[in-house]
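Here the structure is a predicted model, which is why all the values come from computation and not from measurement. Convention: sequence-line order gives letters A, B, ...; per-chain numbering from 1.
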Amino acid sequence: MHADLVQLRPEGLYCPAGDFHIDPWRPVPRAVITHGHSDHARSGMGTYHVTESGLPILLWRLGQQDYHAHPYGEAFTLGAARVSLHPAGHVLGSAQVRIEVDGEVWVAGGDYKRQPDPTCEPFEVVPCDVFITEATFGLPIYRWPDTAEVARDILEWRDECAAGGEAAIVYCYALGKAQRLLAEIGALDDQPVWLHGAMDPGVDIYRAAGAQLAPTRRVADAAKDESFAGRLVIAPPSAAGSPWLRRFRRAQQGFASGWMRIRGNRRRRNYDRGFVISDHADWPDLLRTVQETGARRIIATHGDTDALVRVLRDMGVDAGAFRTEFGGEET
Amino acid sequence: MKRFATLYQRLDRSTATLDKRAALVAYFREAPARDAAWALWLLAGNKIGGARARLAGSRELRTWIAEVSGTPDWLVDASYDQVGDLAETLALLLDDPHEAAEEMSLADWIESRLLPVANSSELERRDVVVEAWYTLPFAERFLFNKLLTGALRVGVSRGLVQQALAELSGVDIALIAQRMLGAWTPSPDFLAGLLSPDAQPGDTASPFPFFLASPLEQPADALGDIREWLLEWKWDGIRLQLIRRNGEVALWSRGEERLDGRFPEIEAAAQALPEDAVIDGELLVWTDGDAPQPFTALQTRIQRLKPGAKTLAQTPARLLVYDLLELAGEDMRRLPLAERRAHVAGLVGRLDDRRIALSPEVVAQDWADAAMLRHEARARGVEGLMLKRRSSVYQHGRKRGDWWKWKVDPLTIDAVLIYAQAGHGRRSTLHTDYTFGVWDGEALVPVAKAYSGLSDAEILELDRWIRQHTRERFGPVRSVAAEQVFELAFEAVNLSKRHKSGVAVRFPRILRWRKDKPPHEADQLDTLKALTR
């Protein structure tokens with residue numbers, strides 16, 4: 001029996017055998033980064049190990065750093081550890097980190113989802129002894145509807161807005177969610193979608209990676225007298241309540257997030273509509289994934305870990321939790 | 001069911017009153033009468049089968065959903081804590097049915113499924129509920145659960161429903177409001193009568209909708225010449241309508257409850273009125289002396305269905321008369337207040353019984369004089385002054401302009417936040433129900449619960465603080481570190497045996513978050529006790 005392959009340290013998750021951290025929140029010499037969201041990819045690390053498809057996102061978010069890009073599934077050696085990165089299905093280039101030392105295998109899942117997403121590589125089940133799982137939506141009330149169904153709801157709402165002479169503004173995260181929405185909507189409808197300026201870099205990166213997105217136009221390029229009535233506009237949540245909204249004389253506002261599953265969350269933020277679409281696993285998928293990895297031990301991170309850990313323990317699984325500082329991007 | 005679920009969704013999504021009204025008008029225009037009658041019943045805040053019909057208790061629903069969804073009880077409770085709404089939690093814990101069941105109307109769901117099993121065995125009630133859960137898609141399942149758990153809470157007031165019905169039918173809203181007072185059944189016949197322009201048999205037997213005063217927001221002297229205004233004390237009792245028609249007496253509270261039998265001394269006095277009349281007044285407990293008993297004394301009376309001799313002797317009730325709505329069968333509401341008051345003064349003058357007496361006019365030379373009198377209010381056991389335009393007709397509901405309540409400035413204390421609980425409805429994800437304590441020696445004793453007074457930004461900030469400073473959790477309630485001080489306002493403090501602290505405060509609310517004050521500088525219990533009367 002040797003020490004745990006991954007341990008919780010003040011800087012973040014640490015692998016002593018390989019002397020590296022996974023998504024650390026304080027500066028360390030060597031970091032393996034699962035994806036580009038700001039709570040997982042921070043600046044100040046000595047070297048960065050990332051996926052090849054995730055590299056453009058890291059460059060956008062963190063600028064030039066000492067990057068080592070790896071193709072999915074291709075093992076590399078860090079210290080005594082054999083490390084490889086595997087698709088997590090969360091956003092473009094997102095990874096699970098597989099660590100093998102002396103025949104023992106640990107997988108840190110990072111953020112992941114199991115729902116189909118045309119804009120990123122699908123989640124791969126990686127068999128392991130210990131699986132570190134996220135639990136952002138760790139209660140059985142979180143069950144995601146079919147994404148295409150949600151996209152149809154958004155278009156229906158846009159058409160209702162058109163009838164009232166209003167713009168339909170959807171807030172969502174600029175990395176991942178926005179592009180996924182554009183892909184799902186583009187599959188159903190060919191009208192252009194208008195973008196807030198904060199959306200540009202992510203959309204360009206996804207297009208360069210080959211994602212098929214709906215045609216887009218920039219709100220900043222619109223003519224002064226452009227009527228946005230009946231137009232779908234995508235903006236980051238920070239634009240809500242900002243002076244930027246003034247150019248849409250009449251508008252309804254919606255929010256696309258897993259949190260919109262709960263009515264109180266939408267009403268509290270005063271959104272007209274909430275669209276349930278998440279890049280995290282819902283409750284049934286958390287349980288399914290934990291089982292499919294075949295892991296004999298589960299460690300839950302960020303989110304409602306209490307409920308998941310207790311359910312797994314009641315099922316006879318050796319489960320525990322790490323108290324991490326993840327969860328900034330979608331809260 | 002689908003149609004009503006769609007209406008619910010439209011009401012729930014919109015924050016604009018105009019949109020909501022339009023949605024209501026469209027629904028009542030299109031829905032079959034049986035459905036519309038039930039929808040009205042539910043929107044008016046009524047329960048299916050009335051208060052005594054047992055369909056499903058909160059504990060039962062949680063047990064059943066645990067069974068059918070395969071979720072452990074503790075996880076159902078944890079989910080409920082997160083959602084804050086039981087009907088919604090129940091709907092969220094199940095997936096949608098693979099195939100939609102055949103549509104059944106709202107009225108059929110209620111009349112042929114729910115009502116037949118009301119008050120029957122748990123097994124029979126469970127069967128009906130679980131079958132609905134298995135067949136209804138999310139939006140309808142959620143609404144179905146709302147029918148079981150009571151209030152719809154969809155941000156629609158009774159007044160808004162009445163506006164929509166008035167718009168739809170062309171019947172005056174005052175008449176609609178009057179027809180909806182008191183007991184009615186959700187039937188097509190009732191709905192037809194409600195929306196009929198013709199006189200209905202019940203029109204003469206029911207109470208009138210109350211006219212309510214608004215809080216005075218501008219300086220009183222902006223109201224113009226004080227001689228155009230009638231000033232009265234604002235009594236702290238129960239607003240009441242006394243109806244005597246054809247010699248029969250009925251008492252109606254503003255909450256639209258009949259109080260018959262509870263105040264026999266008032267009914268007896270009313271029998272002796274020289275003419276039939278409908279009187280608007282305030283019910284108080286008044287032993288002897290110059291001031292009524294505090295509101296707590298009246299509370300003990302409201303609960304007694306048939307008060308005994310001892311109760312009647314210890315807490316005798318009086319009605320202070322404000323207004324006259326009907327005299328000898330004639331509707332007086334369109335007359336100016338000055339005339340109505342002259343009539344009612346004559347009527348109770350001839351009765352000559354202190355149990356039904358005129359609420360006296362407060363005489364002030366000018367507004368400065370009135371302001372001085374208002375300052376005496378608390379010593380007199382009243383809440384402040386009422387200002388009524390002498391030329392005003394008796395309207396219905398809360399209409400600004402003619403009647404104002406000019407309350408005395410509230411009492412204030414500094415108290416420490418000790419418990420917090422998540423709110424309901426739109427506040428369900430935030431801790432918005434607070435319990436405050438003051439010092440009794442070294443300990444903090446709870447003295448007030450308050451839900452309002454903070455801005456949205458402050459609520460968010462405080463919620464974050466609460467989560468980080470939780471000491472213990474008791475179900476949904478958290479005890480927190482005794483660090484945050486708040487200035488609370490309230491109308492009065494009364495001694496109370498029912499409260500651990502020994503005092504009960506009336507209408508507490510938060511005035512300010514005193515971040516500048518350390519907790520040991522919050523007030524003492526003795527300070528609060530000194531404010532009792």
Discussion item. Would you say that more than 12 heavy atoms from the other residues, nucleotides or ligands in this model lie under 6.0 Å from the NZ of Lys47(B), or not?
Written reply: yes
Item to complete: Give a yes or no on this: more than 12 heavy atoms of other residues, nucleotides or ligands lie within 6.0 Å of atom CZ of Arg59(B).
Response: yes
Interatomic spacing from [atom1] in [X] to [atom2] in [Y] - rounded to 0.5 Å:
{"X": "Asp456(B)", "Y": "Asn270(A)", "atom1": "CG", "atom2": "CG", "result": "8.0 Å"}
{"X": "Arg273(A)", "Y": "Gln9(B)", "atom1": "CZ", "atom2": "CD", "result": "7.0 Å"}
{"X": "Asp12(B)", "Y": "Arg263(A)", "atom1": "CG", "atom2": "CZ", "result": "4.0 Å"}
{"X": "Arg13(B)", "Y": "Gln252(A)", "atom1": "CZ", "atom2": "CD", "result": "9.5 Å"}

Worksheet item: Measuring heavy-atom distances to chain A, does Thr71(B) have an atom under 4.5 Å in its side chain, in its backbone, in both, or in neither?
Response: side chain
Worksheet item: Do Ile262(A) and Leu92(B) pass the side-chain contact (heavy atoms from CB on, under 4.5 Å) test, and can you show the C-alpha distance, the side-chain angles, and the key distance before you say yes or no?
Response: CA-CA 8 Å; Ile262(A) 296 187; Leu92(B) 287 170; 4.3 Å; yes
Discussion item. Quick one, Tyr142(A) and Gln82(B) - any side-chain contact, counting heavy atoms below 4.5 Å?
Written reply: yes
Discussion item. Restricting to non-hydrogen atoms, name the atom on Glu88(B) and the atom on Arg261(A) that form the minimum distance, rounded to 0.1 Å.
Written reply: OE2-O, 4.0 Å
Worksheet item: Considering all heavy atoms of both residues, which atom of Leu139(A) and which atom of Ser79(B) are nearest to each other, and what is their separation?
Response: CD2-OG, 4.2 Å
Worksheet item: Under a 4.5 Å heavy-atom cutoff, which of Thr89(B), Leu460(B), Leu93(B), Leu94(B) has the most pairs with chain A?
Response: Leu93(B)
Discussion item. Looking at Asp96(B) and Arg143(A), is any side-chain nitrogen of the basic one under 4.0 Å from a carboxylate oxygen of the acidic one?
Written reply: no
